[in-house]
Structures are given as structure tokens and as C-alpha cells.
There are 2 protein chains.
Amino acid sequence: MASVPKVIQKLIEAFERLPGIGPKTAQRLTYYLLQAPKEESQALASAATDLKEKTVVCEICFNIAEDVNCWICSDSSRDKTIIAVVEDPLDVLALEKTNFKGLYHVLNGSISPMENIGPEELKIRQILPRIKAGEVKEVILATNPTMEGEATAMYIDRLIAPLGIKVTRIARGLPVGGDLEYADETTLRRSMEGRKEY
Amino acid sequence: MASVPKVIQKLIEAFERLPGIGPKTAQRLTYYLLQAPKEESQALASAATDLKEKTVVCEICFNIAEDVNCWICSDSSRDKTIIAVVEDPLDVLALEKTNFKGLYHVLNGSISPMENIGPEELKIRQILPRIKAGEVKEVILATNPTMEGEATAMYIDRLIAPLGIKVTRIARGLPVGGDLEYADETTLRRSMEGRKEY
């Protein structure tokens, strides 16, 4: 391809760096913005600038925040006796769509020897003072049902077991709308193990 | 969902406005930028700002340009006797990947009575002075093989017929790697009509 104008090439490249955006999509998005009203690319530009400049990490739960504490930790109506431990801030958004009304603890990843991520790289130990403060009655290990997520959950369970509070793990089983016939073996086994009285 | 920080919400919304980006993807892209180095969101922001501020429309062919003329019109090695008429600047990029070495004429859309787009809304008449200037020997109608693209091609063909130059239409047929069995009727009919001696 000949030399596409540099300003265009730069935006295509910026889009391409985003996860799940290939060269074709990056091109399409750029050319869309070229013909869209100027306000649209400006909105994107200023939002992208503000994103990093106006956000911090919550001092309590390590979720994304605009202030020292995130909007959940600073909400007095939340149930402070229950903490859901998640891997990423996006998991917080996902759980917020359920009727969970407790607090969170965002690890910022999961233990992964393959990627050289040990417990010390994550916000794991930081949950101890929160539990020791006394109000917490249950910790829900809501890390992903992947190898790394399970290892992380197991590690945290052992770490906080001596504190004597209730530690639970989110259920793993067939997704709603799923089909036994097409479920993988591990999921199906988990689903059987996790059965409840009807 | 509770109140996600406004700065995050704004970027999610900016992404959502882009074509083919749904709410989930917009969220994922935003949270990706949150954890990525600051340079990445800055690169996106400045590229999006520059995009509209540093580009204009080429005075000759109506392609995107950084100067009064685009990088193709100002390239003296291009074949000025042949013009490919396309709907959008993205089509220019697509044809640049073929071995086409002529010039372009970008209509900025296609005739679509459904969307109230008539010939006057497009850069159609603007091709006349280019042809009348005398150098052009062939006009390739490279609008999309859609209803609108065909109508546009037909309109342009009639418009420039009196000028007596060669007017061609890109071939419509089975895509390379395609399968007769799965081809739609219209494509197959076009493919038969467009057959060439072997």
C-alpha cells in the first residue's frame, strides 16, 4: 500500500494496538471518524486523555476510582460484611449486574507461573488488614474458573483460613441455557459436584 | 449498574459510537486502556485529534489528503489516463492493494433514493472537467456491486457516454476460492455473463 497520510496511519495504528481490533477494523474505524462530525473524534480524544489523568486506584479495594476511594467503597449503603475477590475491575462491573451488594477486592490479575506472576505481584496480602478490621463475615472467591483463577482462589483460601471467617467460591457448572450434551467434561463434573437439593 | 466513574463512562460511550463496537467491546477496550501504559491512550487521543485537524479532501479526486492534493494525485508516476471511480476513501485503500496504478475519483457515497441521496449529493459531476481536460482514456466504474452501486455506475456511464471515452465496470462473479454450489443466483448469473475465453 502506498503512503497513506501519516495522520491517518497513526490513528489506524492506535486502534490496532487495542485488543481484538485487527488491521481491517482499525482502518474502518479510522475512516468512519474521518467522515463523522468532528465532535465525535474530539469526544474520543478527550475521553482517552481524561481516562488516565482523572482516575486512580481505590486505596481500599484497588478498583478503578475517581477519588481515593471508589464509588463502591464510598457508598455507605453497601454491605460491609461481605467481600468478593475478583481478578479485574471489569469483573466488578460484571458482578454489579447481579444483585451483589457487598464490597470488592480487586487483585489485578491471577497467579500465573507461566507469565511469572506470583502472589506478590497481586493485591493479595492487602486483603488481610481488611478482614482483620473485624467487620467482614464472608469472603467470596470470585476469580475466574480457569487454572490460574482456581490456583489464586486456593492460595487466598489458605492465606485467610487462619482468620476463621467464612470463605466461599462461586459455583462452577453449566451456564444457563447450556446443554449437557455439549458441555465439556470438567464443567459437567463440577456441575455434578456442585449439585444442590431441589 | 451503579455509577461507573464518569471519565470511564465517557470513553465507553465514545467507543460505542464507532461502527461495529457494541457495549461489551467498548467496556473491554476502555478497561484495557486503563491498565495499559499512559502512552497508549495518549497516542489514541492525539491521533484522533489530528485526524480531523490535519486532513482535507483532495481538490482533484476527493480522496482524503494532507495537502490540497492527495498522495496519489500528486504522485507523478501514476497513470493519468485511467480513473477508477469509487464510493469511499476506503475503497481507494482496497484498490491500492491491487496493481492498479491509475488515478481515482471518490464519490463519497452512492445514489440511494431510500436514504435520500441523489446524484447531486455526490461528487459525480466533478468528474466531467477531469475527463474534458483530455488526458483520460478510460474510466473504470468501481462502485460496489450492490443495488446502489450499480445504479450509481449506470448513472455515471450515461453522464459521460457523450464524451466518447472508454467506460468499464469491474467484474462481478464468484470470489476466488468460492464455490458454485454455495454462490447466490445473481452472482452466479453475473459470473456466467462475464465469462471469458480460456
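Below, each value reflects all heavy atoms present in this structure, side chains not excepted, and no hydrogens, waters or symmetry copies. This is a predicted model, so every value here is computed, not measured.
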Taking atom [atom1] of [X] as the centre, does the number of heavy atoms from other residues, nucleotides or ligands within less than 6.0 Å exceed 12?
{"X": "A:Lys6", "atom1": "NZ", "answer": "no"}
{"X": "A:Lys166", "atom1": "NZ", "answer": "no"}
{"X": "B:Glu185", "atom1": "CD", "answer": "no"}

Closest heavy-atom contact between [X] and [Y]?
{"X": "B:Leu44", "Y": "A:Ala48", "result": "CD2-CB, 4.2 Å"}
{"X": "A:Pro5", "Y": "B:Ile64", "result": "CG-O, 4.4 Å"}
{"X": "A:Ala43", "Y": "B:Arg17", "result": "CB-NH1, 3.9 Å"}
{"X": "A:Val7", "Y": "B:Lys54", "result": "CG1-CB, 3.6 Å"}
{"X": "B:Asp50", "Y": "A:Lys10", "result": "OD2-NZ, 3.9 Å"}
{"X": "B:Leu90", "Y": "A:Gln27", "result": "CD2-OE1, 3.6 Å"}

query = For B:Thr30, is it the side chain, the backbone, both, or neither that has a heavy atom closer than 4.5 Å to a heavy atom of chain A?
reply =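 Contact with chain A involves both backbone and side-chain atoms of B:Thr30.
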Which atoms of B:Glu13 come close to chain A, meaning under 4.5 Å heavy atom to heavy atom: side chain ones, backbone ones, both, or neither?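 Contact with chain A is absent: no heavy atom of B:Glu13 under 4.5 Å.
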Proximal to chain A - members of residues 115-131 of chain B, heavy-atom separation under 4.5 Å:
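Under the 4.5 Å heavy-atom cut-off, nothing qualifies.
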Could you grab the distance from atom [atom1] of [X] to atom [atom2] of [Y], nearest 0.5 Å is fine?
{"X": "A:Leu33", "Y": "B:Lys52", "atom1": "CG", "atom2": "NZ", "result": "7.5 Å"}
{"X": "B:Tyr32", "Y": "A:Asp88", "atom1": "OH", "atom2": "CG", "result": "13.5 Å"}
{"X": "B:Leu51", "Y": "A:Lys38", "atom1": "CG", "atom2": "NZ", "result": "11.0 Å"}

Does the side chain of B:Ser41 reach to within under 4.5 Å of the side chain of A:Thr49, using non-hydrogen atoms?
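A side-chain contact under 4.5 Å is absent here.
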Requested in this report: Identify which of A:Leu34, A:Ile8, A:Leu18, A:Thr55 forms the greatest number of heavy-atom pairs closer than 4.5 Å to chain B.
Outcome: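 Answer, by heavy-atom pair count under 4.5 Å with chain B: A:Leu34.
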